[in-house]
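Convention: sequence-line order gives letters A, B, ...; per-chain numbering from 1. Predicted model, so just to flag it, every value in this text is computed and none were measured.
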There are 2 protein chains.
Amino acid sequence: MSASQSQLRADAAENRARVLAVSRELFAERGLEVPMAAIARRAGVGVATLYRRFPTKESLVMEAFTEQFAVCQAVIDEALADPDPWRGFRTVIEKVCLLQATDRGFTAAFVATFPEMHSEVRERTWHCFGELVDRAKASGQLRADFSPHDLTLVLMANNGLAGVPVEVAVAASQRLVAYLLESFRTGTDALPPPVPLSLDLVLS
Amino acid sequence: MSASQSQLRADAAENRARVLAVSRELFAERGLEVPMAAIARRAGVGVATLYRRFPTKESLVMEAFTEQFAVCQAVIDEALADPDPWRGFRTVIEKVCLLQATDRGFTAAFVATFPEMHSEVRERTWHCFGELVDRAKASGQLRADFSPHDLTLVLMANNGLAGVPVEVAVAASQRLVAYLLESFRTGTDALPPPVPLSLDLVLS
DNA sequence: TGACAAGTGGAGACCCCCGTCCGCTTGGCT
DNA sequence: AGCCAAGCGGACGGGGGTCTCCACTTGTCA
């Protein structure tokens, strides 16, 4: 990596880093539709600088989120290492949904770059999750008719909560996830408290 | 109403009606971001005609969806008339979510125009649903910690399923709703079959 | 049937976005 | 210290959106 980074002049490298940091901030706050000019302005550089480092907006998005994708994979790996399959399963869903609720650009970036990722990576993730599901079913804690496709269902549903202020989104997401996990499992326990959502919140 | 309609010349009235019909079609198919020019083209009129009848795109949206809003209110009224409170409750959620899944512009229009509706209407809808919830709880079929705010939660979550082909969205929505209703209730029965969702579908 | 108000459509003003071009600046090496 | 390639930023082209303006057409009523 020092090959591509250290080739850059010191100031250029610093700018590049600042651009990435700012991108992550703004994408998280306002979603991927934030204009390149806004990123440039907040990073204190010109638009041209952005495009010199990242030939396209999409490439910037991709770069800005690779870290998050790694986190995702780590979450699944960790879950597979958990001796309790249900806890692993639950944790994956909780953590990924939290990530989604916290970072407004995350899902969009996820679906946008998903087709571009080496299918190898996709396959691996999918396979791992499938294994998690099988184990959880085998342990009798996950309902038998749960489908791995339901993970996508959860992610998409949870994504519908984006667009409200972060704290609200997080609380709402937690309650949604709790409801769903309760359906997924054989058993019951207390939900997090209701969230006073209002459709007005979507306007912000 | 005939006051404002019959003032229009015959051809103008016909154009207006066709514009509204086309709007509903396109909003349902492609969401609210469909350009005014596209609506005009499909309706076989010029852009100016649109703007003469509907001073702003927002006003067109509002007009195009008032019918759907009426359907919503009707659904709730019908549910209140149902002697079985749980069935009423369940039906409201199922029907509204189906509406959402079928019509891509519906939710967007709903949240967009919600703040503009006479608060009288909002209050009434909200009040009715609250009553439905109370009755369902009293009958012991709805969990006690269900909050009316959870309706908004469901709507937002269900909205996250928009953007995939309609048939898929409907199937996914049905499964999501089934999962959630199962959580909301004290009891259990069979879910609709899993939906082979893929994140790729979002790209369409 | 003829006159005129009501109706019409397309060109274009204005704005916002992505991505490029080009003349100026500056870090880094000798 | 001085050179120069690497770096820089702002102006600009191209596309697409909402909404307006205006010269032309057409329904309607006497």
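Protein atom CD1 of B/I39 is 14 Å distant from nucleotide atom C1' of D/dC19, rounded to whole Å. Taking atom CZ of residue A/R9 and atom P of nucleotide D/dG7, one finds them 6 Å apart after rounding to whole Å. Atom pair B/Q7:CD and D/dC29:P shows a separation of 12 Å (rounding to whole Å applied). For the pair B/L60 CG and D/dC19 P, the interatomic distance rounds to 10 Å; values are reported in whole Å. The distance between atom CG of B/L32 and atom P of D/dG17, rounded to the nearest whole Å, is 15 Å. Distance, A/E14 CD to D/dC8 P: 10 Å, rounded to whole Å. The CZ-C1' distance, from B/R52 to D/dC22, rounds to 11 Å in whole Å.
Taking the six-membered ring for Trp and thresholds of 30 and 60 degrees, A/F106 and A/F69 have ring planes inclined between 30 and 60 degrees apart. Classification of the B/Y179-A/F146 ring pair by plane angle, with boundaries at 30° and 60°, yields tilted.
Chain A approaches DNA chain C within less than 4.0 angstrom (heavy atoms of the protein), and the contacting nucleotides run 5' to 3' from C/dC17 to C/dG28.
With distances taken from any side-chain atom of B/T56 to the nucleotides D/dG7, D/dG10, D/dC19, the minimum falls on D/dC19. For B/P35, taking side-chain heavy atoms from C-beta onward, the closest of the listed nucleotides D/dT18, D/dT20, D/dA5 is D/dT18.
The nearest heavy atom of DNA chain D to A/V47 and to B/V47 marks one nucleotide each, and the one closer to the 5' end goes with A/V47. When each of A/A48 and B/M36 is assigned the nucleotide of DNA chain D bearing its nearest heavy atom, the one mapping closer to the 5' terminus is A/A48.
Of the charged side-chain nitrogens involved, none lies within less than 4.0 Å of a carboxylate oxygen, so that A/D11 and A/R18 do not count as a salt-bridged pair.
Residue contacts shown for A/R53 are limited to sugar-phosphate atoms, with no base heavy atom under 4.0 Å away.
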*Audit row: A/E78, A/K95, salt bridge (Lys or Arg N to Asp or Glu O under 4.0 Å) steps and yes/no*: CA-CA 11 Å; A/E78 190 185 351; A/K95 284 196 180 165; 3.4 Å; yes

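Judged by distance alone, with hydrogens and angles left aside, the side-chain atoms of B/R135 form no donor-acceptor pair with the main-chain N or O of B/F89 at under 3.5 Å.
The only member of B/R24, B/R42, B/R104 that meets salt bridge (charged side-chain N to carboxylate O under 4.0 Å, His left out) when paired with B/E29 is B/R42.
The closest side-chain heavy-atom distance from B/T91 to B/R87 is below 4.5 Å.
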